[in-house]
Trainee: 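Quick one: the structure is below, and I'll ask about it shortly.
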Amino acid sequence: MSEPQQITSRENPLLVRLRKLAQDGTAYRSAGQVWLEGDHLCAALLQGGGVADQALISDVAWQDGRLRKLAHGAQLVAIVPAALFKGISGLGSPAGIGFLMPLAAPSAIDVRAATVVLDRLQDAGNVGSVLRSAAAFGVRQVLALKGTAALWSPKVLRAGMGAHFGLRLLEGLDEADLQDLCVPLVATSSHAGHLLPHARLPQPCAWVLGHEGQGVSAALLARCALQVRIPQPGGEESLNVAAAAAVCFYESARRG
């Protein structure tokens with residue numbers, strides 16, 4: 001294990017790169033690397049068998065034996081003053097540790113896997129929450145169509161709480177990329193379709209979740225084998241898309 005590098009300059013090339021990754025939600029695509037901030041995400045990466053190229057840890061966090069051990073899970077370690085770490089962090093109270101991990105090359109779509117299709121979901125918190133529910137209920141593949149929030153952006157990563165590392169994630173897709181799926185598409189709707197508790201859900205299926213305001217596109221909706229709606233006896237017009245996703249994934253898992 002190499003000795004940790006001590007960094008004291010804000011203009012150090014590593015810190016310049018990390019600031020861009022932390023502040024630009026799509027920078028990972030051109031950089032080929034993803035910034036994971038916080039001990040929870042770092043630990044989740046290692047527990048999932050992932051590789052960290054670089055750990056960045058503040059001098060204050062370095063004094064914590066648990067965080068120091070976690071940092072040594074990366075191939076390289078750099079220590080910075082707490083003020084410099086805070087200049088990178090997107091959090092109000094930084095944990096003082098983060099990993100730089102390689103962005104995996106896109107994999108092929110698993111045409112038979114239980115899937116969720118994200119159709120232009122805009123809110124990073126919603127996208128991360130959907131990923132977290134998908135991982136919890138056994139929906140192992142996420143297909144994000146163009147216009148969906150960047151899956152590996154810092155905000156989506158924080159909302160996903162480590163779910164990314166147990167999922168097959170593909171983004172930037174067109175509707176045409178879905179044509180080879182062997183599982184039926186099932187869309188959620190607040191106004192039409194069968195009530196979820198009584199609908200004959202295919203197992204497995206590909207749940208289609210649409211834009212927060214516009215819903216699923218008409219073209220994609222026409223390709224769905226089934227539309228379902230969630231009963232809402234409380235009288236609300238619709239559920240938040242992330243909440244609706246959790247209900248649908250649970251129902252699939254319960255019946256499976």
Trainee: Do Phe165 and Phe137 belong to the same hydrophobic cluster, where Ile, Leu, Val, Met, Phe, Trp and Tyr are linked whenever their side-chain heavy atoms lie under 4.5 Å apart, directly or via other members?
Mentor: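 Yes; tracing contacts between hydrophobic side chains, which count when under 4.5 Å, links both residues.
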Trainee: Identify whether the distance between the nearest side-chain nitrogen and carboxylate oxygen of Arg66 and Asp39 falls below 4.0 Å.
Mentor: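 Salt bridge flag = yes for Asp39 with Arg66.
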Trainee: Quick one: sort the His164 and Trp152 rings into parallel, tilted or perpendicular, breaks at 30° and 60°.
Mentor: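 Tilted: the ring planes of His164 and Trp152 meet at 30° to 60°.
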Trainee: Verify the distance criterion only: is there a donor paired with an acceptor across the side chains of Thr148 and Gln122 at less than 3.5 Å?
Mentor: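 No donor-acceptor contact under 3.5 Å links the two side chains.
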Trainee: Which pair of heavy atoms, one from Arg120 and one from His211, lies closest together, and at what distance?
Mentor: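 In terms of heavy atoms, the two residues are closest at O-CD2, 3.3 Å.
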Trainee: Side-chain heavy atoms under 4.5 angstrom apart, residues restricted to Ile, Leu, Val, Met, Phe, Trp, Tyr: same cluster for Val130 and Val186?
Mentor: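 Yes, because Val130 and Val186 connect within a single hydrophobic cluster, where side-chain heavy atoms sit under 4.5 Å apart.
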Trainee: For Leu167 and Val142, work out which heavy atoms get closest and say how close.
Mentor: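 In this case the closest contact between Leu167 and Val142 is CD1-CG2, 4.2 Å.
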Trainee: Less than 4.0 Å between a side-chain N and a carboxylate O, is that true for Glu171 and Arg29?
Mentor: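 So Arg29 pairs with Glu171 through a salt bridge.
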Trainee: Going only through I, L, V, M, F, W and Y residues with side-chain contacts under 4.5 Å, is there a path from Ile230 to Trp207?
Mentor: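 Yes, Ile230 connects to Trp207 through the hydrophobic network.
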Trainee: Which heavy atom of Leu46 sits nearest to which heavy atom of Leu70, and what is that distance?
Mentor: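 Scanning both residues, the minimum pair turns out to be CD1-CD1, 3.8 Å.
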Trainee: Return yes if a side-chain donor-acceptor contact under 3.5 Å exists between Gln63 and Arg68, otherwise no.
Mentor: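 Result is no, nothing qualifies.
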Trainee: For the side chain to side chain contact (heavy atoms under 4.5 Å, CB included) test, which of Leu151, Leu143, Val208 pairs with Leu118?
Mentor: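 Among the candidates, only Leu151 passes.
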Trainee: So which atom in Gly87 and which in Gln23 form the shortest heavy-atom distance, rounded to 0.1 Å?
Mentor: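 Smallest heavy-atom distance, with atoms named: O-NE2, 4.0 Å.
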Trainee: Quick one: closest heavy-atom pair of Arg200 and Arg255, and the distance?
Mentor: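 Distance-wise, the nearest heavy atoms are CA-NH1, 4.2 Å.
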Trainee: If you round to the nearest 0.5 Å, how far is CE of Met161 from OG of Ser129?
Mentor: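 Rounded to the nearest 0.5 Å, the OG-CE separation comes to 10.0 Å.
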Trainee: If I compare all heavy atoms of Pro204 with all of Arg112, which pair ends up nearest, and what's the gap?
Mentor: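 For Pro204 and Arg112, the tightest heavy-atom pair comes out as CG-O, 3.6 Å.
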Trainee: For the CD atom of Gln54 and the CD atom of Gln5, what is their distance to the nearest 0.5 Å?
Mentor: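 One finds 7.0 Å between CD of Gln54 and CD of Gln5.
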Trainee: Going hydrophobic residue to hydrophobic residue with side-chain gaps under 4.5 angstrom, can you get from Leu173 over to Val216?
Mentor: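 Yes.
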